[in-house]
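Here is how names work: the chains are called A, B, and so on, in the same order as the sequence lines, proteins then strands, and each is numbered from 1.
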Amino acid sequence: MSRFTRRVGKLLLLMLVWSIAASAVSGCWNRRELDTLGIQLGTAIDKVGNQYRVSVQVVIPSELSAKAGGGGRSPVAMYEATAPTVFEAFRKLTETSSRKIYSAHIRVLIIGESLAREGIANVLDLLSRNPEARTDFYLMIAHDAPANQILKILTSLEKIPAENLFYALDTSAKTWAPTTTVTIESLIEQLVTDGISPVLTGVRLEGKARQGENISNIQQADSRTRTRITGLAVFHSDKLIGWLNENYSKGYNYIMDNVTSTVGHQTCPDGGYIVMEVLRNKTKLIPKVVDGKPVIKVKMKQVASVADVECKIDLTKPETIKMLEENGKQRIRGVIQGAVEHVQKTYNSDIFGFGNTFHEYKPKQWEKWKDDWDELFPQVKLEYDIELQIPKVGTTNDAFQNYLKK
Amino acid sequence: MNASVDKRLDRKLMSNLSFIRASFGNSQDLVIKEMNNDNGLQAALVYMDGLTDSTVIHHVILDYFMSEEQTASRKSGNRLLYLKNAVLAVGETVTISEWDPLFYQLLSGWAVLLLADSPDAICVAAEGWKDRNVSEPTSQVVVRGPMEAFTENIATNRALIRRKIKDPQLWTEGMEIGKITKTSVSIMYLRNVADEKIVEEVRKRLGEINIDGILESGYIEELIQDTALTPFATIYNTERPDTIAAGLLEGRVAILVDGTPFVLLVPALFIQFFQSAEDYYQRADISTLLRILRFIAFMITLLAPSLYIAITTFHQEMLPTSLLINLAAQREGVPFPAFIEALAMELTFEILREAGVRMPKTVGQAVSIVGTLVIGQAAVDAGIVSAAMVIIVSITAISSFVIPATSMSISVRMIRFVLMGLAASFGLFGILLGYILLVLHLNSLQSFGIPYMQSFSPFIWSNQKDTLFRLPWTKMRTRAVATAEKNLVRQRPRNKQKI
């Protein structure tokens, strides 16, 4: 027993020595209380002349607390600094901010269009190197507006503009095909992978910028100034080269298998529209070599339902559903074909990752094509194998418009 | 006077009586009743007032006088024997000729009959004093199960156990511990189940105790535990006879101490402190869930404040964004670092708890009102502590009451503060460090030669039926390997009718 007691005594002594030693060598333990942090939720980076302008959006927690309610002040504060490098600009922020800017919880990073055209690699390096940042934020490109201006627009449903942008993109990517979410990890992966170029979602400003900064912007139900997530920015390497419109963006997302749910319409035989809701979608790209030329077979399985009938059509007949399925296939085909042809002709940037598909499934063939892929990409032909099922028509059968009283 | 004279009773009654008087310093509660009759035969009845049953005393005197005529003709030696065997038919009697045991019996509530011209005294069992009745347990309450608890009387306690285990193999050994208090202590075990080595170890450790007084089983617990250098109890204590009976059936050894309703049970394993008697009376599935719940509560009460400190001061990136903003909003304007805030709140709670235990019942309400108002409402409203911290401290406190054995929740209370300190200086790394040390320490503990963490480390598969889980009784056919080395089988498989 005494031997045992000695052992425990030794252990306690060891503990003591450890904790003393550890507290002596710990040095820069970054202990920080919550109330000493400026929690940064949004970042905007612009290029101004030769310098980077970094704007950060910091929450004012007391304005957001449930108890205090809005005191009529803005729930966020913006800090800006301009410096020759991004990191210097970040540190320079402390000149104006009373608290250390804590960047781990950043939700969105908005990159100015002019900066994106010059290349975003330098900016990304700093962010991917930062050990404290979470990597679940989204990147966006400010379309037709300075990036910092986008962040400044006050929003009402989400009190924090950065959160508003984050959730707006997150929700629309899930239910609306033309947008897509890109995190810094996937972006860097696409930048360094052969045979694929990245895209980023664009964000626009609607209304007068000055008005959006004012708290009065959120004091009315219909905010005068808002931000809109729209279109995709096409990159070649790390440089922005152009934009895709809504329809092309949809085609892009169909090919990339990003679509979980969306809505599209068809024209009825006798005029009017019938609207289909996509319930499930799965796309697979199968690379083929036909006559020594690259061919991509788009194999797609989609389940959709009828969401809205705005014409006279008899949904109770199986032939009608058959016809809708056929038309749907043609439409999807058209959307995809349009997007691919547009990108091939206008931008010649393999944002669909066709090259990467060859790399994965036909590595030997890819070795031969790798170096002149830029010339080969515009020649890629598409084959289609689209399967569309419409198993349900919603909670009614035939459209009541058919029985309207005259 | 020389020692040999001092030790034994004298032949002369008068000198014996004066020796007793002198020894007790004429204490008020010492009663000496001298009895003379026509033959001039003298006798004296000595007893302690308040420790004896008056009906027995009257019986002794009455019987003595009734039998006097027959007795008179006999010689002193035979007379004593005759009195003892034939007349004093009250129950237990012993003949004693030495002072020390005589005093012990006298002070245990026996009546001593001294006869003239006899060097021997007859001691008659006449204990009878005011005892608390067997009442409901107060520290280990169950919804379903026996509602009786041990009392301060060791004989009652032994009987309570005997009433549950009616088997001659339930052996009891008695001893007196404490040079002055001479407290009676019993060990009880099932001879055909308990490990003889453990029983022997208990005997040895109890025999080694050399102390002036034992007033509660806590004295014994500290004197015989394997090591004092641990916050954990390595001996189980309970006031529930059914828990002791269950322990005996598992091959453990019970130590009963006179004067306290808390009976000790050895060896004690870590897991035992999370098991409640009720686990065995309720359905197996709900018992298992409750046990898991207790472990969750154990973790909360051990770690909640330190995790809160570590995450909010070191690892803010681990929180979901909206939670972080919420917490930051609450902390806005709180003047203390999170650690000081937590420490102050924990201290306040500990003070309230201690006050709640000690204070007179009549002021209870006042204290609880002040407590809840000061801690909960006013402190948050004044912005001295954040509401989140109040929630953390409350859940910690409530969780600590879920652990069925108070000795374990006391240990956790102490360790919690150490972990909070580690969390405040090193964040999650500190907590991990403390946790590893805690696990190492737990694994180094033993209770009467049995590893404290037994069933988990060393891992014993067959014991898992009654550790974290409680299997239905039909599946628990054997006893735990740890304590019942021999006689493992508890249930024979029932004969299933083949169709």
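Taking CZ of A:R32 as the start and OG1 of B:T312 as the end, the distance is 11.0 Å to the nearest 0.5 Å. Separating the CD atom in A:E158 from the OG atom in B:S322 is a distance of 9.5 Å, to the nearest 0.5 Å. To the nearest 0.5 angstrom, B:L229 atom CG is 14.0 Å from A:K10 atom NZ.
Between the A:H105 side chain and the B:Q316 main chain, a donor and an acceptor come within less than 3.5 Å of each other.
Heavy-atom distances place the backbone of B:A424, and not its side chain, under 4.5 Å from chain A. If you measure heavy-atom distances from B:L433 to chain A, the contacts under 4.5 Å come from the side chain alone.
Heavy atoms from other residues, nucleotides or ligands lying under 6.0 Å from CG of A:L157 number 12 at most. For CD of B:Q377, the number of neighbouring non-hydrogen atoms (other residues, nucleotides, ligands) closer than 6.0 Å is 12 at most. In this structure, B:F456 places its CZ atom where more than 12 heavy-atom neighbours from other residues, nucleotides or ligands lie under 6.0 Å away. The number of heavy-atom neighbours closer than 6.0 Å to CZ of A:R228, taken from other residues, nucleotides and ligands shown, is 12 or below. Within a 6.0 Å sphere centred on CD of B:E208, heavy atoms belonging to other residues, nucleotides or ligands number more than 12.
The interface of residues 331-343 of chain B with chain A, defined by heavy-atom distances below 4.5 Å, comprises B:R331, B:E332, B:V334, B:P337, B:A338. Listed by sequence position, the residues of residues 407-417 of chain B in contact with chain A number zero, using a 4.5 angstrom heavy-atom cutoff.
Nearest heavy-atom pair across A:P61 and B:A328 is CB-C, 3.7 Å.
Between B:E317 and A:Y102, some side-chain heavy-atom pair lies under the 4.5 Å cut-off.
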Pair A:L34-B:L324, side-chain contact (heavy atoms from CB on, under 4.5 Å): steps then yes or no
CA-CA 8 Å; A:L34 282 182; B:L324 175 76; 3.6 Å; yes
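With B:T321 as reference, A:L41 is the one residue of A:D136, A:I39, A:I160, A:L41 to meet the side chain to side chain contact (heavy atoms under 4.5 Å, CB included) rule.
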